[in-house]
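A quick write-up on the structure given underneath.
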Amino acid sequence: MKPETVISAYAEEIDARTNTKVLTNEPGRMVYQVDGQDGSGTVEVLTLFPGVILQFHSFHCKSFHLAANGDVNEGLKINFCSEGRMEVRMSDNLCLFMEPGNLSLDVRTAQDSFQFPCGHYHGVELFLHYSSIGKVFPNMWSDLGINPLNIQERFCSEGKSYVVFADERFRQLFQSMLDVTCECRVDYLKIKATELLFLLGSVEMPDKSDTASLMTTGQVEIAKQVMEIITKDLSQHTSVETLSVKFGISPTSVKNYFRGVYGKNISAYLRESRMSAAALALRDGKQPVAEIASAVGYENASKFSAAFKSFFGESPLEYRRQSRCGI
C-alpha cells in the first residue's frame, strides 16, 4: 500500500463495518461514529502527511467490537489517554490498558475487542503506517534528524509495547493538540506531531515500560470475575483471602489484577458501587434508609448515612428530597 492511499483504504474499511457510520468525509479529514451495545463514540481522522494520521478518540460506552484489518492498521502507533480508561486486546493476546496520563508506543495490531471499564475514553493517536516509516518524510523531519524507524526501534524492539506515564512536556503537548480550534488547526497539528516525534527521538525516557499496563487475558478474566463476584450482591462482603483461594492465586495478585483492569483498588470500587446503588434506590424508590443501608452492605443506617454523606456531601434523606424536587 502506498502512503497516499492509506486514508482511502481506512475509509473503505469503515464503510464496510456494520456498527460504524461515516459522518464526515472530506479531503484530509474523516469523522466516523462507532456504535456499541450501551453507547457510542466518534473518531476524527486527520491526514497530516502521506501515511501519517492523527486520530482523536471520544467514546461513551463500555465496549465495542471492530474486525481487525492488519494491512490498514500496521505501523507505529503513539497513543495518549487524556480521560477515562481503555482495555484493548492486541495481536499477541496481551491486553493493553491505558489510563489518564499514559503514553504508549506500539507496533502490534489491535484485535476486535475494545473495553472502557469507566464507561468513557478520550485520547489522541498518532499513527505512522508501515508504508511511510523509513521511506517518505517531510523535509522538516529530515532537517531535525527525525526518523520514525529509529523511534520504533528505540521503543518497540522485538514487537514489544512501551507504556509510561507521560511527563509534563508530553502532557502539555497532547493537551495542546486537543485544545486547538484555530483556522490553521491542521498546520498547527503538523507542527505538534513533529515536536512529538522530535522529543521521542531525542530526550531521555524511562528504559522500561509500565508493565502494570500489560496483562494476560487470563489475568484480565480473573479481575473481571472478581468484579462480578463482589458486585453481584452488595449486601455481602467477600474477603480478598476468599477470592485468592477461589482463583488459586495470592491475595496480592488478586489486588494487582483488579487494579490493573479497573484502575482502582477493590475497596474503592466497591464503595463507589455501593454508593451508586444507594443513590439509585433513594431517587427511584420508597425504601426506608435502613433497608437501603442493609442492601448495600452496611450493618446500620447510621454508618451508611455517614458514608453516604462523605461520598455525596449530603445525607441520604437530603439527597432523596433534592432528587424528588428536581434540585
Rounded to the nearest 0.5 Å, what separation is found between the [atom1] atom of [X] and the [atom2] atom of [Y]?
X      : Y      : atom1 : atom2 : answer
Ser244 : Ile222 : OG    : CD1   : 11.0 Å
Lys246 : Leu243 : NZ    : CG    : 8.5 Å
Asp35  : Lys21  : CG    : NZ    : 7.0 Å
His120 : Ser58  : NE2   : OG    : 10.0 Å
Cys81  : His57  : SG    : NE2   : 11.5 Å
Met30  : Asn25  : CE    : CG    : 6.0 Å

Could you state whether [X] and [Y] fall into the same hydrophobic cluster, counting links through intermediate Ile, Leu, Val, Met, Phe, Trp or Tyr residues with side-chain heavy atoms under 4.5 angstrom apart?
X      : Y      : value
Ile230 : Val296 : no
Leu189 : Met140 : yes
Leu234 : Phe312 : no
Val186 : Leu196 : yes
Phe80  : Met205 : yes

Pairing residues for [X] by the salt bridge (charged side-chain N to carboxylate O under 4.0 Å, His left out) criterion, not counting sequence neighbours:
X     : answer
Glu26 : Arg29
Asp38 : none
Lys77 : none

Heavy-atom side-chain proximity of [X] to [Y] below 4.5 angstrom:
X      : Y      : answer
Thr231 : Tyr269 : yes
Leu178 : Ser82  : yes
Arg320 : Ile292 : yes
Arg185 : Thr181 : no
Leu128 : Ile151 : no
Val203 : Arg169 : yes
Val45  : Val31  : no
Arg274 : Phe304 : no

Where [X] and [Y] come nearest, the two heavy atoms and their spacing:
X      : Y      : value
Ser104 : Val163 : CB-CG2, 3.9 Å
Phe165 : Pro100 : CE2-O, 3.5 Å
Val261 : Pro117 : O-CG, 3.6 Å
Leu105 : Phe155 : CD2-CD1, 3.7 Å
Tyr32  : Val22  : CB-CA, 4.0 Å
Ile266 : Val240 : CD1-CG2, 4.2 Å

**Request:** Could you walk me through whether Val52 and Thr47 pass side chain to side chain contact (heavy atoms under 4.5 Å, CB included), step by step?
**Result:** CA-CA 6 Å; Val52 180; Thr47 300; over 6 Å; no
Under a 3.5 Å distance rule, please check whether [X] uses its side chain to pair with a backbone N or O of [Y] as donor and acceptor.
X      : Y      : result
Ser276 : Glu272 : no
Ser294 : Glu291 : no
Asp167 : Phe170 : yes

With a sphere of 6.0 Å drawn around [atom1] of [X], does it hold more than 12 non-hydrogen atoms of other residues, nucleotides or ligands?
X      : atom1 : result
Glu183 : CD    : no
Lys190 : NZ    : yes
Asn139 : CG    : no

**Request:** Please name all residues satisfying side-chain hydrogen bond (donor to acceptor under 3.5 Å, both in side chains) with Ser235, sequence neighbours left out, ordered by chain then number.
**Result:** Asp233
**Message:** So if I apply the side chain to side chain contact (heavy atoms under 4.5 Å, CB included) rule between Leu48 and each of Leu126, Ile53, Thr194, which one comes out positive?
**Reply:** Leu126
**Message:** My understanding is that only one of Gln115, Met98, Glu99, Arg85 makes a side chain to side chain contact (heavy atoms under 4.5 Å, CB included) with Tyr121; could you say which?
**Reply:** Met98
Using the benzene-type ring in the case of Trp, are the ring centres of [X] and [Y] under 6.0 Å apart?
X      : Y      : result
His60  : His122 : yes
Phe64  : Phe114 : yes
Tyr298 : Phe308 : no

**Verdict with supporting geometry, Glu318 and Gln322, side-chain hydrogen bond (donor to acceptor under 3.5 Å, both in side chains)** = CA-CA 6 Å; Glu318 289 171 338; Gln322 293 186 18; 5.8 Å; no
**Message:** Go through it in stages, so that I can follow the logic: the residues are Phe116 and Lys62, the test is side chain to side chain contact (heavy atoms under 4.5 Å, CB included), and I'd like the CA-CA distance, side-chain angles, deciding distance and then a yes or no.
**Reply:** CA-CA 5 Å; Phe116 307 108; Lys62 286 286 188 180; 5.8 Å; no
**Asked** Taking it one step at a time, do Glu221 and Thr217 satisfy side chain to side chain contact (heavy atoms under 4.5 Å, CB included)?
**Response** CA-CA 6 Å; Glu221 182 58 30; Thr217 54; over 6 Å; no
**Verdict with reasoning, Lys224 to Tyr257, per side chain to side chain contact (heavy atoms under 4.5 Å, CB included)** = CA-CA 9 Å; Lys224 292 182 176 180; Tyr257 295 173; over 6 Å; no
Could you give the side-chain donor-acceptor pairs of residues 280-287 under 3.5 Å, partners two or more places apart or in another chain?
| from | atom 1 | to | atom 2 | distance (Å) |
| --- | --- | --- | --- | --- |
| Arg283 | NH1 | Tyr319 | OH | 2.6 |

**Request:** Using the salt bridge (Lys or Arg N to Asp or Glu O under 4.0 Å) rule, take Glu195 and Lys192 through it: C-alpha gap first, then chi angles, then the decisive distance, then the call.
**Result:** CA-CA 5 Å; Glu195 180 183 353; Lys192 286 298 174 181; 3.0 Å; yes
**Request:** With sequence neighbours excluded, give me every ring pair (Phe, Tyr, Trp, His ring centres under 6.0 Å) pair touching residues 177-198.
**Result:** none
**Prompt:** Relative to each other, are the rings of Phe49 and Trp141 parallel, tilted or perpendicular (30° and 60° limits)?
**Reply:** perpendicular
**Prompt:** For residues Ser161 and Arg108, is any side-chain donor paired with an opposing acceptor at under 3.5 Å?
**Reply:** yes
